[in-house]
Colleague: 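Provided herewith is a single structure, encoded as structure tokens, for subsequent inquiry.
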Number of protein chains: 2
Amino acid sequence: MTERTGDTRERIKEVALELFSEQGYEQTSLREIAERLGVTKAALYYHFKSKEEIVRAFVEDRVGQLAELIEWVKSQPPGPQTRTAFLQRYAASIDIGKQHSIMRFFQENQPALKSMEIGERMRERMLDLVEVLAGPDADPVSKLRTAFSVFVLHGGPFLLRDSGITDEQRRSAAMQLALELAGHPTPAEQRAEGATR
Amino acid sequence: MTERTGDTRERIKEVALELFSEQGYEQTSLREIAERLGVTKAALYYHFKSKEEIVRAFVEDRVGQLAELIEWVKSQPPGPQTRTAFLQRYAASIDIGKQHSIMRFFQENQPALKSMEIGERMRERMLDLVEVLAGPDADPVSKLRTAFSVFVLHGGPFLLRDSGITDEQRRSAAMQLALELAGHPTPAEQRAEGATR
DNA sequence: GTCTATATTAAGATAGAC
DNA sequence: GTCTATCTTAATATAGAC
């Protein structure tokens with residue numbers, strides 16, 4: 001065979017994600033992706049029927065992971081302990097492979113994703129996640145606190161990129177703030193806690 | 001005169017900002033802006049020499065406001081009290097006119113802004129702001145906490161847009177979390193506080 | 001599965017009349 | 001100050017040979 005099975009498709013996804021997350025979706029042309037891979041644009045169209053299809057391919061990977069994470073949260077008792085335990089799992093899930101790039105791409109390319117159905121799916125998943133984490137009857141402030149606890153893990157390290165510290169220190173600082181936010185009980189949880197004492 | 005002085009230029013800025021912040025910079029064509037105004041593209045080019053120049057015009061407004069806010073912070077004693085007082089001023093500054101749209105545009109169009117010098121200026125201003133608010137010797141977690149206290153005011157209300165609550169309740173929830181984050185003293189501030197007791 | 005060549009389209013931008 | 005008309009460019013996408 002002329003090449004290892006499925007390899008080219010994966011390499012296109014990887015290079016595209018790298019460029020899309022670094023430069024932006026609209027700022028990256030298929031020509032650029034093709035050149036980086038040492039092929040022509042036409043080759044890309046053999047593997048994907050459009051530019052948007054490439055996005056769909058790697059965002060779907062992340063949507064699948066989120067579905068699993070959401071199921072895990074649902075299987076746990078609601079509350080601050082589950083939220084803080086979740087953040088450890090979530091951090092691990094973005095630190096492997098290209099998941100962190102996917103989240104950065106998702107954050108920074110909302111206008112482009114608005115017209116894609118995969119963007120809508122991703123957005124809904126993130127909202128679902130916050131919903132199950134905070135609990136359906138959480139007040140708005142608690143929902144925000146929960147949403148930002150997750151958000152800090154993506155955006156925090158990036159925000160600290162100009163400080164003279166290591167990646168590991170950035171991740172650690174983000175995790176510390178995330179835990180602080182997630183550990184805060186909602187009013188509903190406080191009432192429940194008081195009732196069982 | 002055929003029209004009220006400077007009016008058209010301002011109307012272009014307004015319409016462009018509205019479309020750029022709702023749909024994205026790349027997703028909005030000059031044709032669309034012109035149509036909305038009831039003129040042709042050529043008319044836009046009489047007032048602005050490029051699409052990017054329109055962005056520069058309204059982002060510069062915000063950069064100027066930020067400079068003033070930063071000066072105010074510098075004039076105050078550093079610490080949690082100044083940070084919380086600042087957030088009130090900051091919230092007021094984005095609630096007037098189109099400043100909130102400018103910040104949304106800034107957040108959601110980072111890839112497009114990356115190649116514009118006005119984007120760089122804006123980014124630097126925001127980093128300066130966090131620097132003076134948190135204090136130069138703040139640890140990474142405190143810097144993050146401070147950065148997110150400001151960020152919550154932009155992003156928080158937008159994140160809660162699907163909850164069945166009013167705009168006012170959204171703003172209030174965002175402010176509450178922002179104050180919680182900004183009110184937290186940094187380790188350096190805690191030491192200084194202990195020393196003066 | 002990848003190439004060359006090309007179709008198609010729409011954007012940003014300009015020239016010059018009025 | 002705004003128009004019509006046009007230029008220029010570069011992108012996504014496709015046809016068909018190899």
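Letters go in sequence order (proteins before strands), and every chain restarts at 1.
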Colleague: Starting the side chain at C-beta, find the nucleotide from C/dG12, C/dC3, D/dC3 nearest to A/V39.
Modeller: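 So the side chain of A/V39 is nearest to C/dC3.
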Colleague: Indicate whether OP1 or OP2 belonging to C/dT2 is found under 4.0 Å from a side-chain N or O atom of A/T40.
Modeller: no
Colleague: Partners of B/Q23 by side-chain hydrogen bond (donor to acceptor under 3.5 Å, both in side chains), sequence neighbours excluded?
Modeller: B/T28, B/E32
Colleague: Once you round it to whole Å, what is the distance between C1' of C/dA10 and CD of B/E26?
Modeller: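 These atoms are roughly 14 Å apart.
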Colleague: Think A/R31 has a side-chain N or O under 4.0 angstrom from the OP1 or OP2 of D/dA11?
Modeller: yes
Colleague: CD1 of A/I33 versus P of D/dA13: gap in Å, rounded?
Modeller: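 My rounded result for the distance is 11 Å.
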Colleague: A/E189: what forms a side-chain hydrogen bond (donor to acceptor under 3.5 Å, both in side chains) with it, not counting sequence neighbours?
Modeller: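 Result, side-chain hydrogen bond (donor to acceptor under 3.5 Å, both in side chains) vs A/E189: A/R83.
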Colleague: With a 3.5 Å cut-off and no angle check, do the side chains of A/Q76 and A/Q81 form a donor-acceptor pair?
Modeller: no
Colleague: Partners of B/S75 by side-chain hydrogen bond (donor to acceptor under 3.5 Å, both in side chains), sequence neighbours excluded?
Modeller: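 Applying side-chain hydrogen bond (donor to acceptor under 3.5 Å, both in side chains) to B/S75 gives none.
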Colleague: Closest approach of A/Y25 and A/N109, non-hydrogen atoms and distance?
Modeller: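 Result for this residue pair: N-OD1, 3.0 Å.
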Colleague: Could you tell me the separation between the CZ atom of B/F48 and the P atom of D/dT2, rounded to a whole number of Å?
Modeller: 12 Å
Colleague: Looking only at heavy atoms, what is the nearest atom pair of A/L153 and A/H100, with distance?
Modeller: O-NE2, 3.9 Å
Colleague: Using the six-membered ring of A/F158, assess whether NZ or CZ of A/R161 lies under 6.0 Å from its centre and within 45 degrees of the ring axis.
Modeller: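 Here A/R161 passes the 6.0 Å and 45° test against A/F158.
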Colleague: Counting primed atoms plus P, OP1 and OP2 as sugar-phosphate and everything else as base, spell out the protein contacts along nucleotides 13-18 of chain C at 4.0 Å heavy-atom distance: B, S or - for each nucleotide, 5' to 3'.
Modeller: BBB---
Colleague: Could you pull out all donor-acceptor pairs under 3.5 Å where a side-chain atom in residues 65-73 of chain A meets a protein atom, sequence neighbours excluded?
Modeller:
from: A/Q65; atom 1: OE1; to: A/R62; atom 2: NH1; distance (Å): 3.0

Colleague: Counting only side-chain nitrogens and oxygens, does A/Y46 get under 4.0 Å of the OP1 or OP2 atom of C/dG1?
Modeller: yes
Colleague: For the pair made of CD1 in A/I54 and P in D/dA11, what is the distance, rounded to whole Å?
Modeller: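 The distance from CD1 of A/I54 to P of D/dA11 comes to 14 Å, rounded to the nearest Å.
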Colleague: Report the C-alpha distance between B/E168 and B/R171 in whole Å, list the side-chain angles of each, state the deciding distance to 0.1 Å, and finish with yes or no for salt bridge (Lys or Arg N to Asp or Glu O under 4.0 Å).
Modeller: CA-CA 5 Å; B/E168 182 46 40; B/R171 270 200 294 269; 3.2 Å; yes
Colleague: Does anything in residues 110-117 of chain B come within less than 4.0 Å of DNA chain C? Heavy atoms only, and list the residues if so.
Modeller: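 Correct list: empty, so none.
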